[in-house]
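On a predicted model such as this, the values are computed, not experimentally measured, just so you know. Proteins come first, then strands; the chains are lettered A, B, ... in the order of their sequence lines, and each starts at number 1.
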Number of protein chains: 2
Amino acid sequence: MYSSELIKGTLKTIILKLLSDSNEMYGYELTQRVKELTGGKIQLTEGALYPTLHALEAQGVLSTNVVNVGNRIRKYYSITPTGKQLANDKVNEYADFIQTMTFLLGLKPNMG
Amino acid sequence: MYSSELIKGTLKTIILKLLSDSNEMYGYELTQRVKELTGGKIQLTEGALYPTLHALEAQGVLSTNVVNVGNRIRKYYSITPTGKQLANDKVNEYADFIQTMTFLLGLKPNMG
DNA sequence: TTTACATACATAATTTTCTTAGGTATATAT
DNA sequence: ATATATACCTAAGAAAATTATGTATGTAAA
């Protein structure tokens, strides 16, 4: 796990990117997917995730589809066209930012 | 300028790295140096910078040296041995984080 | 000569974003 | 029974930033 400082400001970008690459995902699924893809180094907390999902839906970049799985509720999120555009912008901005930070911190541009 | 979200959590790392590479720098100098090195893409705000410098000094990772330049005060910060260690740790953690995010967001590991 | 901008420090109110903690509920394995 | 996993949610508080403001000097332009 990274220090919580580092992860700040990346949540929206991560959510939008993952939803941009799949038809639909539900909240819990997002937490598991990120955990899996990062080898546990990034773990989304529910207290941060759910309010952010609600905000993104209210902004019109996500839409929802509530489904009953057995007796449990599952709320699928999918990205809207506006959201897809935003996802692209955010990912591109982050890519640029990474390059700037790489230079600023004197990191090797590409090392295992 | 990047959206303010992105820069969050990177301030301490940036300060520690720059001070790690120079004998001493003062607050205003840090803002100008970062602006210069990033082509204006990252601009430290004084409201964030000064409280952070004070906190780092209180933690013992920075020490200060107040100088009179003409009639103006200038407060030079230099890094302590503890601070140098912390700078290294933070930079390494950030390098690791960048790799994780690069993978998670599906970015090219090395593109101009 | 006064207006604007740069230098150089600082703090305070507010906002944003996250953590921590708690709540509800079902399913499954020990 | 108990713990763990699934699956949603909110609220109090902390952390870290922005925005606004204050003080003060130096310099260049109008």
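- For A/I73 and A/A48, each mapped to the nucleotide of DNA chain D holding its nearest heavy atom, the one lying further toward the 5' end belongs to A/I73.
- Here the P atom of nucleotide D/dA5 and the CD atom of A/Q32 are 9 Å apart, to the nearest Å.
- As a whole-Å value, the separation of B/L44 CG from D/dT18 C1' is 13 Å.
- Of the possible donor and acceptor atoms, none in the side chain of B/T64 sits under 3.5 Å from a partner among the backbone N and O of B/K75.
- Taking CE of A/M101 as the reference point, atom NZ of B/K41 lies at 13.0 Å (rounded to 0.5 Å).
- Distances shorter than 4.0 Å separate some side-chain N or O of A/H54 from OP1 or OP2 on D/dT10.
- For the OP1/OP2 pair of D/dC8 and a distance below 4.0 Å, the side-chain nitrogens and oxygens of A/Y26 include no atom meeting the criterion.
- Separating the CD1 atom in A/I79 from the NZ atom in A/K17 is a distance of 10.0 Å, to the nearest 0.5 Å.
- Within 4.0 Å of A/G70, counting heavy atoms only, lies no atom of the nucleic acid at all.
- Summarising the geometry, the separation between OH on A/Y50 and P on C/dT20 is reported as 18 Å, rounded to the nearest angstrom.
- Proximity of a side-chain donor or acceptor of A/T100 to a complementary backbone N or O of B/T38 within less than 3.5 Å is not detected.
- In terms of position along DNA chain D, the nucleotide closest to A/R72 lies nearer the 5' end than the nucleotide closest to the other residue of the pair A/R72 and B/K12.
- Backbone-only engagement by B/E5 is indicated by non-hydrogen atom pairs under 4.0 Å involving sugar-phosphate atoms exclusively.
- Taking every side-chain heavy atom of A/N71 into account, C/dA27 is the closest of D/dA7, C/dA27, C/dC18.
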- prompt: So A/Y2 and B/D96, side-chain hydrogen bond (donor to acceptor under 3.5 Å, both in side chains) or not? Walk me through it.
  reply: CA-CA 9 Å; A/Y2 298 113; B/D96 189 317; 2.5 Å; yes
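- For the pair B/K8 NZ and C/dC18 C1', the computed distance is 10 Å after rounding to whole Å.
- Residue contacts shown for B/E29 are absent, as no nucleic acid heavy atom lies under 4.0 Å away.
- Each of B/Y77 and A/T45 was assigned the nucleotide of DNA chain C with the nearest heavy atom; the assignment lying further toward the 5' end belongs to B/Y77.
- Atom CG in A/L53 sits roughly 12 Å away from atom C1' in D/dC9 (whole-Å rounding).
- Note: CZ (A/R33) to P (D/dA7) measures 15 Å, nearest angstrom.
- Computed from coordinates, the B/K75 NZ to D/dT23 C1' distance equals 15 Å when rounded to whole Å.
- Here C/dT20 presents its C1' atom at 16 Å from CG of A/L49, a figure rounded to the nearest Å.
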